[in-house]
Amino acid sequence: MKEARFYEELEGEKVKCRLCPWNCQISERERGVCGVRENREGKLYSLSYDNLKSGTTDPIEKKPLFNFAPGTRTYSICTPGCNWKCKYCQNWQLSQGSLNGKSVSPEEIVEAAKNSGARGISYTYTEPAIFYELAYETAKLAKEEGLYNTFVTNGYINPQPIKEIGPHLDAVTVDFKGSGDEEFLKEFAGVPSVDPVYTAIKEYRDQGVHVEITDLIVPRVGDSEAKIEQLVNWVRNNLGAGTPLHFLRFYPANEVQELPPTDVSKLEAAREIAESAGMEYVYLGNVRRNNDTRCPSCGNKVVNRSAGRLMELDLKDGRCAQCWEEVGLAGLEWVEGKRP
Ligand code: SF4
């Protein structure tokens with residue numbers, strides 16, 4: 001347990017948490033919506049700080065991050081808790097699970113990451129905002145040790161916490177569901193408004209963090225082509241056509257068992273919408289696709305993948321080896337043979 005950051009003390013031993021857009025007002029011995037920040041005698045504490053639930057290495061492509069440090073492995077950590085309550089959550093045993101993780105210090109996490117051969121650390125599986133204090137201290141230390149840091153997030157976090165962790169973050173995957181359709185998110189995730197997510201994405205971008213966007217296409221309830229087009233246009237107009245977009249296939253999970261997996265033709269249609277709008281890096285996730293990265297200028301496969309995993313890079317000094325144009329790849333300094 002650690003005293004939380006980003007809160008105000010109020011009268012009557014109440015506190016107001018300012019970490020995420022819920023801005024919960026919490027009474028003595030109560031917790032916020034995330035279930036892991038508790039008021040004790042008028043002070044707010046993070047209960048997730050010493051509750052690590054996972055520490056394993058994954059390919060960076062699994063986050064998914066396809067235009068960042070391709071082919072590297074990343075040490076992936078999380079704690080229980082989440083500020084969204086997605087009925088279809090694939091990781092619900094973690095995100096809605098009890099606080100029975102291990103107490104592991106930031107120093108031990110960084111040491112374990114280095115010993116695992118990973119090039120960086122990903123704060124993932126559950127929402128990293130709700131274990132901010134642990135993520136912040138670990139990310140700061142990891143950066144000093146030459147590792148990268150990436151968040152896999154729903155984007156539901158206030159701007160000030162992003163400003164403070166931004167200098168230690170290298171990449172972020174922001175996960176949309178149902179293309180950010182508010183009706184869908186209200187019903188299936190209990191989220192009142194998606195506006196703070198757009199604000200957060202722009203803040204990450206302003207902090208110089210590499211941003212990739214995913215969109216979980218949920219059949220029947222979250223697969224509107226009009227909403228996909230709306231999201232694509234927002235990304236293109238606000239972040240640029242070079243922002244990687246991933247359309248993800250839904251599989252039944254948690255409380256949503258009655259819907260089928262997304263038809264792959266729906267994902268192909270989403271890709272068509274994005275490419276027609278000029279998006280340069282569009283990938284399909286949770287399906288068997290190679291998902292190569294092509295040079296937007298000449299079409300050369302600059303990152304050749306098989307089943308989503310890196311096989312070969314065709315780059316010269318970080319540019320397309322064929323036409324010498326810049327390609328939108330970040331984090332190449334962590335790719336094999338180029339360790340900082
Ligand atoms: S982090 Fe948790 S306690 Fe704080 S505002 Fe968000 S949901 Fe509420």
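In each ligand, atom 1 is the first atom listed, and ligand 1 is the first ligand listed. Keep in mind it's a predicted model, so treat the numbers as computed, not measured. In this chain, residues are counted from 1 in sequence order.
Ring planes of F6 and Y132: perpendicular class, angle over 60° (limits at 30 and 60°). Under the 30°/60° scheme for interplanar angles, the aromatic rings of F68 and W334 are found to be tilted.
Evaluated by nearest non-hydrogen atom to atom 5 (S) of ligand 1, the leading choice among I157, V15, N23 is N23.
Of the possible donor and acceptor atoms, one in the side chain of K85 sits under 3.5 Å from a partner among the backbone N and O of V33.
Note on atom 2 (Fe) of ligand 1: protein N/O/S atoms under 2.8 Å are C34 SG.
A search for side chain to side chain donor-acceptor pair (under 3.5 Å) contacts involving E183 returns nothing, not counting sequence neighbours. Applying the salt bridge (charged side-chain N to carboxylate O under 4.0 Å, His left out) rule to R31 yields the partners E38; only residues at least two apart in sequence or on another chain are considered.
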Would you list the atom pairs, donor with acceptor, under 3.5 Å between side chains in residues 158-168 and any protein atom, with sequence neighbours excluded?
residue, atom, partner, partner atom, Å
N158, ND2, R18, O, 2.8
N158, ND2, C20, O, 3.2
N158, ND2, N23, OD1, 3.1
Q160, NE2, E164, OE2, 2.9
K163, NZ, E203, OE1, 3.2
K163, NZ, E203, OE2, 3.3
E164, OE1, R5, NH2, 2.3

